[in-house]
Enquirer: 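So that we are looking at the same thing, I have put the structure below in structure tokens.
In this chain, numbering begins with 1 at the start of the sequence shown.
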Amino acid sequence: MKLVTTSVVRGSHQGESHGGVYLLDLESQAVSQKLDWNTAAIDWQGRGWDRGLRGIAFDGDVVYIAASDELFAYRPDFSLIGSWRNTYLRHCHEIAVHERRLYLTSTAFDTVLGFDLDAHEFNWALHLAAHQFQFKGNLFDPRLADGPLPLNKLHLNNVHSTQGGLYVTGLKTGGMLLYNGERVQMSVELPPGTHNAQPFRDGVLFNDTEADALRYTGRGEGREDRALKVPRYPADALLNIDLDQTNVARPGFARGLCVISAAVVAGGSSPSTISVYDLKANTRLLSVNLTMDVRNAIHGLAVWPYD
């Protein structure tokens, strides 16, 4: 089995690589880099913003990977098929495919965009807003120029789509929201700073980023709670810890998550490390480090469906 991951380099400088795409063979623990993301046409304002590659999703033999403001399509050999932009796609994080639509979180616009996989166009959008501890979802057409302003009030960073609706999470949503096609409601409250939240078994699986841990909380009979710390490294083993001018890069930052089986999941952390966890045994099975550069952080993570 292989995993595919994207990375961002937080606090990198112009002219340097600011992320890439990697394949990890879990049996041999060998890592191969497939793309090196380096372009001058990015916005260099604070945080990670436009640096690096983000969410990963699949549609048949097409691999979709999001950058900050552009959606790319690749063949499984990572030859480029095409790319698409939209006015309302900015500071994208995670993406997900459900039926014939790909959903993308547009963090700057507090919006989930819908990309039609057959027409190859952005033709659906949901803007989320909070008012007096309640959430409201407004649909709009991203092909028109009358959408929301880029206020980034909720910092949406994850979308997970099922037959029951869209699950959306942000750093400032207070939990995992569910849009069922008619209204938005709180599905489950989560700690501040959560990434990659998604329904799993009878509970929720997520990265508790502020606690440097991957967590699973069940809600059924015989409730199961797991909190597995991400790997930590000696300070003298870390590289470029003094080169981050934004002061946001730090070791232990937990982000990137995928399900391997009903008991085994994989998660990412910084400096770019992928770990595999057995939830039932409450243990970390293995960890593979890609680099000790503390600025380099895992972003997207998925099971590789090819080969």
Side-chain angles (χ1 to χ4, degrees), residues 1-7 22-31 55-58 63 93-98 157-169 175-178 187-191 193-233 252-270 272-290 297-307:
M1 176 180 288
K2 293 181 180 178
L3 303 181
V4 58
T5 185
T6 58
S7 70
Y22 305 83
L23 285 182
L24 166 63
D25 186 309
L26 290 180
E27 183 176 356
S28 65
Q29 300 187 26
V31 177
I56 307 165
F58 309 98
V63 183
H93 281 63
E94 299 296 340
I95 66 178
V97 166
H98 182 66
N157 60 31
N158 195 64
V159 58
H160 182 84
S161 183
T162 69
Q163 202 64 40
L166 286 177
Y167 290 90
V168 186
T169 314
M176 186 169 64
L177 308 177
L178 172 62
S187 175
V188 58
E189 295 184 358
L190 295 171
T194 294
H195 286 85
N196 309 110
Q198 56 193 269
F200 181 65
R201 299 198 316 224
D202 61 356
V204 58
L205 180 70
F206 62 99
N207 274 312
D208 187 346
T209 306
E210 291 194 4
D212 300 345
L214 181 149
R215 291 182 58 185
Y216 167 67
T217 299
R219 294 185 289 189
E221 185 177 349
R223 175 171 172 164
E224 180 183 356
D225 291 305
R226 296 288 184 258
L228 295 130
K229 287 289 188 179
V230 304
R232 299 304 296 264
Y233 301 100
F253 188 91
R255 181 176 59 194
L257 179 62
C258 69
V259 173
I260 296 175
S261 72
V264 179
V265 300
S269 59
S270 61
S272 281
T273 300
I274 298 171
S275 301
V276 177
Y277 304 89
D278 185 326
L279 296 177
K280 184 176 181 180
N282 198 31
T283 189
R284 188 190 322 141
L285 299 176
L286 63 89
S287 290
V288 178
N289 174 256
L290 280 62
I298 297 296
H299 201 295
L301 184 61
V303 174
W304 184 245
Y306 312 111
D307 296 338

Enquirer: For the residue pair Val230 and Ala254, what are the closest heavy atoms and their distance?
Expert: CG1-CB, 3.8 Å
Enquirer: Which residue pairs pass the salt bridge (Lys or Arg N to Asp or Glu O under 4.0 Å) test with at least one member in residues 297-307, sequence neighbours excluded?
Expert: Lys2-Asp307
Enquirer: Can you name the residues that form a side chain to side chain donor-acceptor pair (under 3.5 Å) with Tyr233, not counting sequence neighbours?
Expert: Thr273
Enquirer: To the nearest 0.5 Å, how far apart are CG in Leu301 and CG in Leu3?
Expert: 5.5 Å
Enquirer: Between Phe58 and Tyr306, what is the ring plane arrangement, given parallel below 30°, perpendicular above 60°, and tilted in between?
Expert: perpendicular
Enquirer: Does any non-hydrogen side-chain atom of His299 lie less than 4.5 Å from one of His93?
Expert: yes
Enquirer: Is any side-chain heavy atom of Tyr216 closer than 4.5 Å to one of Asn282?
Expert: no
Enquirer: Given 3.5 Å as the limit, does a donor-acceptor pair link the side chain of Arg255 with the main chain of Ile298, or not?
Expert: yes
Enquirer: Looking at every heavy atom in both Pro191 and Asp208, which two are closest together, and how far apart are they?
Expert: CG-OD2, 3.8 Å
Enquirer: Using only atom types and a distance under 3.5 Å, with no angle test, would you say the side chain of Thr5 pairs donor to acceptor with the backbone of Gly300?
Expert: yes
Enquirer: Is Val168 close to Asn158 at the side-chain level, that is, under 4.5 Å between some pair of heavy atoms?
Expert: no
Enquirer: Go through the structure and list residues passing side-chain contact (heavy atoms from CB on, under 4.5 Å) with Glu189, not counting sequence neighbours.
Expert: Met186
Enquirer: Please enumerate all residues that pass salt bridge (charged side-chain N to carboxylate O under 4.0 Å, His left out) together with Asp212, with sequence neighbours excluded.
Expert: Arg232, Arg250
Enquirer: At what distance, to the nearest 0.5 angstrom, does CH2 of Trp304 lie from CG of Leu26?
Expert: 14.0 Å
Enquirer: Which residues pass the side chain to side chain donor-acceptor pair (under 3.5 Å) test with Ser287, not counting sequence neighbours?
Expert: Ser275
Enquirer: Considering non-hydrogen atoms only, spot the tightest contact between Ala211 and Lys229 and give its length.
Expert: O-NZ, 2.6 Å
Enquirer: Only counting residues at least two apart or in another chain, list the ones meeting side chain to side chain donor-acceptor pair (under 3.5 Å) with Asn207.
Expert: Asn196
Enquirer: Listed by chain and number, what are the side-chain contact (heavy atoms from CB on, under 4.5 Å) partners of Ala96, not counting sequence neighbours?
Expert: Val159
Enquirer: Can you tell me how far OG1 of Thr169 sits from CZ of Phe206, rounded to the nearest 0.5 angstrom?
Expert: 10.0 Å
Enquirer: Suppose we screen for side-chain contact (heavy atoms from CB on, under 4.5 Å). Which residues come up paired with Val265, at least two apart in sequence or across chains?
Expert: Phe200, Leu205, Leu214, Val259, Tyr277, Leu279
Enquirer: Say whether, by atom type as modelled, one donor and one acceptor occur between the side chain of Ser269 and the main chain of Phe253 under 3.5 angstrom.
Expert: no
Enquirer: Which distance, rounded to the nearest 0.5 Å, do you find between the CD of Glu27 and the CG of Leu286?
Expert: 11.5 Å
Enquirer: If I compare all heavy atoms of His160 with all of Ala197, which pair ends up nearest, and what's the gap?
Expert: CB-O, 4.5 Å
Enquirer: Could you tell me which residues satisfy salt bridge (charged side-chain N to carboxylate O under 4.0 Å, His left out) with Arg201, sequence neighbours excluded, listed by chain and number?
Expert: Glu224
Enquirer: Give every residue pair that meets the salt bridge (Lys or Arg N to Asp or Glu O under 4.0 Å) criterion with at least one member in residues 273-286, sequence neighbours excluded.
Expert: none
Enquirer: Among residues at least two apart in sequence or on other chains, which ones pass ring pair (Phe, Tyr, Trp, His ring centres under 6.0 Å) with Tyr22?
Expert: none
Enquirer: Residues two or more places apart in sequence or in another chain: which of them pass side chain to side chain donor-acceptor pair (under 3.5 Å) with Tyr167?
Expert: none
Enquirer: To the nearest 0.5 Å, tell me how far Met1 CE sits from Ser261 OG.
Expert: 8.0 Å
Enquirer: Determine whether His195 and Leu257 satisfy the following criterion, side-chain contact (heavy atoms from CB on, under 4.5 Å), listing intermediate values before the conclusion.
Expert: CA-CA 9 Å; His195 286 85; Leu257 179 62; over 6 Å; no
Enquirer: Is Ser272 reaching over with its side chain to a backbone N or O of Leu290, donor-acceptor style, under 3.5 angstrom?
Expert: no
Enquirer: What heavy-atom pair brings Ala57 and Val97 nearest, and what distance separates the two atoms?
Expert: CB-CG2, 3.7 Å
Enquirer: Please report the interatomic distance OG1(Thr162) to CG(Leu178), rounded to the nearest 0.5 Å.
Expert: 7.0 Å
